[in-house]
Each structure stands twice: as structure tokens, then as C-alpha cells.
Amino acid sequence: MDKAPFDSYLREISDLIGSRLSRLIPEGWDVPDNLVQSMSYSLMAGGKRLRPLLVIAAAESLGASREAAVPVACAVEMVHTYSLIHDDLPAMDNDDYRRGKPTNHKVFGEAMAILAGDGLLTHAFHFAVEAARYGVPAEAVLAIVEELSRYGGPAGMVGGQAADMEGEQGLTDAAHLQYIHEHKTGDLIVFSVKAGGRVGAGDPVQLQALETYGRAIGLAFQIQDDILDLTGDETKLGKKTQSDVKQGKVTYPYFHGLEQSREEVARLTRVAKEAVTGGSIPDPLRLVQIADYLLQRDH
């Protein structure tokens with residue numbers, strides 16, 4: 001039987017993840033209402049759900065069930081959302097809007113926004129270990145938890161954010177910018193496809209193919225963000241454009257120009273697709289479609 005069209009697949013995954021995340025706090029837990037509201041406000045604000053999509057697509061590419069991948073997919077979305085809440089704070093990027101809505105600290109105040117981010121980060125690990133209840137072996141769950149802490153922590157996303165903050169104190173060179181892009185944005189994307197691979201019991205060759213795919217689309221995704229910050233439509237992006245320029249932040253187009261930046265996004269997309277269509281991944285269709293989708297996105 002033919003698979004559903006890609007746009008239908010996107011909606012299915014987004015609806016599935018949204019439904020599970022709406023049941024954020026287990027019954028019986030005593031959590032302050034304003035904290036739950038602040039956490040849920042950003043978590044349910046929409047967005048592409050790219051990282052959960054990659055977890056599920058990678059797991060399904062190796063024959064795993066969608067249900068087994070959902071807990072890990074939700075966990076990575078929680079880590080990503082916490083990073084956005086903190087990234088928007090006045091001490092960091094000082095943004096007023098995210099996904100077309102006022103940022104968390106504008107609605108709930110800075111202190112509660114910080115705590116909401118802390119809550120999402122910590123609660124993500126509760127979600128991740130739930131994969132064991134859906135038949136994912138304990139050894140695979142342990143590897144997923146270890147990699148979530150590594151790719152999301154000081155050697156990964158947090159380290160990239162720190163390098164980004166340092167770069168704002170003075171002119172960042174091209175190598176420094178590459179480091180920021182690979183870690184601040186790319187590492188959670190790499191985690192997502194590898195975690196899906198672990199849910200699908202991937203062997204070392206398959207996990208390496210997924211990692212190569214993730215690194216390529218992760219960097220392409222951030223370069224595309226740099227391009228859209230210069231050329232995008234604010235109504236589609238849900239936030240102000242030219243924000244990097246206004247804050248004096250250097251970007252990929254700053255060093256390489258718009259045309260070369262677009263060429264690099266296309267090249268990285270080819271690298272990603274070749275990594276998963278080389279024969280080790282049994283069913284790479286959705287991963288290929290995601291790569292093409294990201295190449296063509298305008299928001």
C-alpha cells in the first residue's frame with residue numbers, strides 16, 4: 001500500500017506529538033499551576049516539530065513502531081523548547097516574539113520563564129525512559145539518555161549557545177560560527193535521528209549513516225535560518241527578520257554571501273540524502289522527504 005503524502009505525514013506526527021505533550025504532567029503529581037501553564041505555553045505554541053519528526057522517521061526507517069519512538073520524540077521537543085525559552089530571555093537574545101506569540105518571559109515574567117525551561121529540561125528525561133514501556137531494550141534507553149545529556153549539554157547545544165554568547169562580544173570568525181551552528185542547532189538534530197535509530201535497533205553502520213544525515217541537515221537547517229533572517233517574510237517566520245543584523249551577530253551569509261550560502265544548503269541536503277539511500281537504511285523515504293522539505297522551507 002502506498003504511503004500517505006508527505007504533508008499528511010507531517011500533520012499526523014505533529015498531531016500525535018501535540019496530543020502526547022498536552023498530557024505533560026502525570027496524574028497525581030503536585031505541581032504549581034503557573035509553572036505548568038508556563039511550560040505548556042511554549043511547548044504547545046506550535047512550531048515545526050522537526051526533532052520529534054526525525055526521531056519517528058528514523059525509527060520507522062528501520063522498521064520500529066511509531067508508538068515506541070513517541071516518548072523519545074517528546075523528550076527532545078521538551079529540551080528544544082526549554083532552549084528557546086532561555087534563548088529568548090533578556091540576558092540572551094532578548095526576543096519579544098516566538099512562533100508569532102509573545103515570548104514566555106513576556107507573558108509569565110523572567111523568573112517563571114527560567115523555571116519553565118528548567119522544568120522542561122528535567123522532565124524530558126522522565127519522558128525518555130518511558131520508551132522502555134514500549135519494548136525498547138533497557139540498553140538502548142540507557143544509550144538514548146546518555147546521548148540526550150551529551151548532545152543537549154555542555155559538549156553540545158549548551159556549549160554552542162555559550163560560544164554564540166562569546167561571539168557576540170566580538171567578531172566571530174568563520175570557524176567559530178561553524179562550531180556554533182553545529183552545536184547550538186545541529187547537535188539536537190543529530191541526537192534525534194540517532195535516538196530514532198536506537199529505538200529501531202540500528203546497528204553501527206546504520207547509526208553512522210543516520211549521524212551523517214543528521215549532521216548534514218542540522219548545518220543546512222541553521223544556514224537556511226541565517227538566510228531567512230535576511231530574506232524571509234515576518235508573517236511566515238512568526239518573528240522579526242533582520243534580528244541578527246540588528247544585534248550585530250555574524251551569520252553564514254555574512255562570511256559567504258547569500259548565493260554561496262544557498263549552494264551550501266543544497267550541497268548538505270545532497271550529502272544527507274546520499275547517507276541514507278546508500279543501502280544500509282531499509283526504508284529511507286521519509287528521511288529523504290524531510291531533507292527536501294527543509295531545503296524548500298520559507299519559515
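Please read all numbers here as calculations on a predicted model, not as lab measurements.
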Novice: Kindly compute the distance separating CD1 (Ile227) from OG (Ser261), expressed to the nearest 0.5 Å.
Specialist: 5.0 Å

Novice: Looking at Phe191, I'd like to know if the NZ or CZ of Arg215 sits under 6.0 Å from its six-membered ring centre while staying within 45 degrees of the ring's axis.
Specialist: no

Novice: Looking at Lys106 and Asp95, does any basic side-chain N land under 4.0 Å from a carboxylate oxygen?
Specialist: no

Novice: Check the hydrophobic clustering (I, L, V, M, F, W, Y; side-chain heavy atoms under 4.5 Å; chains of links allowed) and say if Tyr179 and Val190 are grouped together.
Specialist: no

Novice: For Glu77 and Tyr82, what are the C-alpha separation, side-chain angles and deciding distance, and is it a side chain to side chain donor-acceptor pair (under 3.5 Å)?
Specialist: CA-CA 9 Å; Glu77 184 71 355; Tyr82 117 77; over 6 Å; no

Novice: Can you measure from NE2 (His176) to CD (Gln178) and round to the nearest 0.5 angstrom?
Specialist: 12.0 Å

Novice: Going by distance alone, is a donor N or O of one side chain under 3.5 Å from an acceptor N or O of the other, for His181 and Asp225?
Specialist: no

Novice: Are Ile17 and Val76 grouped together when hydrophobic residues (ILVMFWY) are joined by side-chain heavy atoms under 4.5 angstrom apart?
Specialist: yes

Novice: Are Arg286 and Tyr293 in a cation-pi contact, defined as NZ or CZ under 6.0 Å from the six-membered ring centre and within 45° of the axis?
Specialist: no

Novice: Could you please spell out the steps behind the side chain to side chain contact (heavy atoms under 4.5 Å, CB included) verdict for Met92 and Gln161?
Specialist: CA-CA 9 Å; Met92 299 183 74; Gln161 179 69 73; 3.2 Å; yes

Novice: Answer yes or no: are there more than 12 heavy-atom neighbours, outside Tyr134 itself, under 6.0 Å from its atom OH?
Specialist: no

Novice: Sequence neighbours left out, what passes side chain to side chain contact (heavy atoms under 4.5 Å, CB included) with Phe108? Give chain and number order.
Specialist: Gln37, Ser38, Tyr41, Asn104, Met112

Novice: Return the NZ to CD1 distance between Lys194 and Ile189, rounded to the nearest 0.5 Å.
Specialist: 14.5 Å

